[in-house]
K.L.:
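I have a structure I would like to understand better, so I am pasting it below and will then ask my questions one at a time.
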Amino acid sequence: MVETAKKIDANTFAFFTRNPRGSKAKQLDETDCKEAIQQMQQAGFGKLVAHGAYTMNLCTAKQEDREFALQVLCDDLQRMAYLPGNYYNFHPGSHVGQGLDAGIGYIVDALSQAMALDYPVTVLLETMAGKGSEVGGRFEELKAIIDGVGKVNVGVCLDTCHVYDAGYDIVRDLDGVLKEFDRVIGLDKLMALHLNDSKNPFASHKDRHECIGKGSLGLDTFRRIVNHPALAEKPMILETPNELPGYAAEIAQLRQLYGQT
Ligand code: FE
Ligand code: FE
Ligand code: ZN
């Protein structure tokens, strides 16, 4: 992964800790992890942003399914100890009709248990589009989880497609949205970004990613994002519908936008 990232001029990347649509995980190779760390140090990489499985729903209705999700989370955090000091980001979950407060309670319980062993990882809750019964479409919901867990190594990964779909207008008022983030959660908790354009209009609650500059956010929004002082030095991860050459082109494009104010 590190070698591939270097080839496309990236200095961070995301990876799935296991099959994102299942739950199976490959055995980790300790020697390989050590070499990855060394290569990343040499190349001046920033922090990585690992992504949990989409199927891991910590606040699902059935208790046995929640217990399975918790096991997956514990195993992921333990695996992150092979790459100490990096980020692990995941979708808070969908409360599937039990109500927001119950959902937040389950997520807090699970995270508190999984983080009790203090693995060397910072856990990032992702801002969601608010599709169906998704938790995390409002900053207040993420704040409630962060406060409920009460640990310093819990933060937020801001997904540009998701927040726009959720009804935070980063196209017309990026400053205003970041001020709102600061008021509700605190900008010190904003630790990484997912850079995605959106296939859908503002506040659509849909969550369909588009390539950078080709959707409703537009290139100018990304120009403002990569140059915003509050977002400087944060890992920015592409989750656009691309293969490697497309990612290489988007990284080059974003690097070109950097400095154009
Ligand atoms: Fe995500
Ligand atoms: Fe995302
Ligand atoms: Zn998404």
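Order of listing sets the numbers, starting from 1, for every ligand and every atom in it.
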K.L.:
Quick one: sort the Tyr164 and Phe202 rings into parallel, tilted or perpendicular, breaks at 30° and 60°.
P.N.:
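Rings of Tyr164 and Phe202: tilted, 30 to 60°.
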K.L.:
What protein N/O/S atoms are found closer than 2.8 Å to the Fe ion (ligand 2)?
P.N.:
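Per the 2.8 Å query on the Fe ion (ligand 2), atoms found are Glu126 OE2, Asp159 OD2, His194 ND1, Glu239 OE1.
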K.L.:
When the ring planes of Phe16 and Tyr54 are compared, do they come out parallel, tilted or perpendicular, using 30° and 60° as the limits?
P.N.:
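Judged by the thresholds at 30° and 60°, the geometry between Phe16 and Tyr54 is perpendicular.
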K.L.:
Within Cys161, is some N, O or S atom less than 2.8 Å away from the Zn ion (ligand 3)?
P.N.:
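Of the N, O and S atoms in Cys161, none lies under 2.8 Å from the Zn ion (ligand 3), which means no.
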K.L.:
When you measure from the Zn ion (ligand 3) to the N, O or S atoms of Asp207, does any of those distances fall below 2.8 Å?
P.N.:
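Within the cut-off used here (under 2.8 Å), Asp207 does place an N, O or S atom near the Zn ion (ligand 3).
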K.L.:
Using distance alone, with no hydrogens and no angle criterion, decide if Asn57 and His91 have a side-chain donor and acceptor under 3.5 Å apart.
P.N.:
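Their side chains do not contain a donor-acceptor pair, so the 3.5 Å distance test is not met.
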K.L.:
Is the shortest distance from a Lys or Arg side-chain nitrogen in Arg18 or Asp75 to a carboxylate oxygen in the other one below 4.0 Å?
P.N.:
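Looking at Arg18 and Asp75, the cut-off is met.
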K.L.:
Can you see whether Asn242 engages Thr240 through a side-chain donor-acceptor pair at a distance of less than 3.5 angstrom?
P.N.:
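Side chains of Asn242 and Thr240: pair found under 3.5 Å.
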K.L.:
I want to know whether Tyr119 and Tyr88 have ring centres closer than 6.0 Å.
P.N.:
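No.
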K.L.:
Taking the six-membered ring for Trp, are the ring centroids of His209 and His162 within less than 6.0 Å of each other?
P.N.:
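Centroid distance His209-His162: below 6.0 Å, so yes.
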K.L.:
Among the N, O or S atoms of His209, which one sits nearest to the Zn ion (ligand 3)?
P.N.:
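This turns out to be NE2.
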K.L.:
If you measure from the Lys or Arg side-chain nitrogens to the Asp or Glu carboxylate oxygens, is any gap between Arg223 and Asp220 under 4.0 Å?
P.N.:
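So Arg223 pairs with Asp220 through a salt bridge.
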K.L.:
Counting backbone and side chain alike, does His162 bring an N/O/S atom below 2.8 Å of the Zn ion (ligand 3)?
P.N.:
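Yes, within the cut-off.
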